[in-house]
Amino acid sequence: QVQLVESGGGLVQPGGSLRLSCAASGHAFSTYTVGWFRQAPGKERDFVAALTWSTASTYYADSVKGRFTISRDNAKNTVYLQMISLTPEDTAVYYCAARRTAPYARMAAAYNYWGQGTQVTVSS
């Protein structure tokens with residue numbers, strides 16, 4: 001069983017930056033794919049980014065490519081999502097998710113474990 005805890009959300013002005021963290025316990029990420037998703041009110045949960053732990057390969061949604069960066073800290077078993085040039089359209093609850101197998105996936109249903117989510121609000 002894997003437990004995921006997100007942190008780092010908050011209120012930021014348009015053009016600002018935030019870094020989200022996802023700390024795992026219960027199992028090392030070594031064979032997993034870890035992803036970030038977001039869900040705005042009244043909308044579906046959308047793929048944001050993913051990282052395949054074994055190869056450190058990264059994948060991004062087109063809407064965040066060039067602005068968001070997913071990375072990892074092996075020693076801390078933690079995944080980060082660095083977000084820059086934020087816009088109001090990035091406002092959502094951001095979720096960390098882990099998938100037991102290496103091939104990354106963009107569908108939320110493909111992920112086995114989820115964190116509780118952290119709110120990101122971009123507003124002036």
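Given the structure is predicted, the values throughout are model-derived calculations rather than measurements. Positions are given from 1, in the same order as the sequence printed here.
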Residue list, side chain to side chain contact (heavy atoms under 4.5 Å, CB included) with Ser17, at least two apart or on another chain: Gln82, Ile84
Same apolar cluster (I L V M F W Y, side chains within < 4.5 Å links), Leu81/Tyr113: yes
Thr33 side-chain N/O to Thr101 backbone N/O, donor-acceptor pair under 3.5 Å: yes
Partner of Met83 by side chain to side chain contact (heavy atoms under 4.5 Å, CB included), out of Leu18, Val64, Val12: Leu18
Minimum-distance pair of heavy atoms, taken over all atoms of Trp53 and Thr78: CH2-O, 3.8 Å
All side chain to side chain contact (heavy atoms under 4.5 Å, CB included) counterparts of Thr58, not counting sequence neighbours: Leu51, Tyr60, Ile70
Within residues 58-106 or reaching into it, pairs that qualify as disulfide bond (SG atoms under 2.5 Å apart) - sequence neighbours excluded: Cys22-Cys96
Set of salt bridge (charged side-chain N to carboxylate O under 4.0 Å, His left out) partners for Lys76, sequence neighbours left out: none
With sequence neighbours excluded, residues passing side chain to side chain donor-acceptor pair (under 3.5 Å) with Ser7: none
Within residues 27-92 or reaching into it, pairs that qualify as disulfide bond (SG atoms under 2.5 Å apart) - sequence neighbours excluded: none
Hydrophobic cluster partners of Val93 (side-chain heavy atoms under 4.5 Å): Phe37, Phe47, Tyr59, Tyr95, Tyr104, Tyr111, Trp114
Pairs touching residues 51-65 that satisfy salt bridge (charged side-chain N to carboxylate O under 4.0 Å, His left out), sequence neighbours left out: Asp62-Lys65
Of all pairs that satisfy salt bridge (charged side-chain N to carboxylate O under 4.0 Å, His left out), the ones with a partner from residues 34-47, not counting sequence neighbours: Arg38-Asp90
Residue pairs passing the salt bridge (charged side-chain N to carboxylate O under 4.0 Å, His left out) test where at least one lies in residues 99-122, sequence neighbours excluded: none
Inter- and intrachain pairs under disulfide bond (SG atoms under 2.5 Å apart), touching residues 28-84, at least two apart: none
Per-pair distances, 0.1 Å, donor-acceptor, side chain in residues 116-124, under 3.5 Å, sequence neighbours excluded:
{"unit_1": "Gln116", "atom_1": "NE2", "unit_2": "Glu6", "atom_2": "O", "d": "3.3"}
{"unit_1": "Gln116", "atom_1": "NE2", "unit_2": "Glu6", "atom_2": "OE1", "d": "3.4"}
{"unit_1": "Thr118", "atom_1": "OG1", "unit_2": "Gly9", "atom_2": "N", "d": "3.2"}
{"unit_1": "Gln119", "atom_1": "NE2", "unit_2": "Ala92", "atom_2": "O", "d": "3.4"}
{"unit_1": "Gln119", "atom_1": "NE2", "unit_2": "Thr121", "atom_2": "OG1", "d": "3.3"}

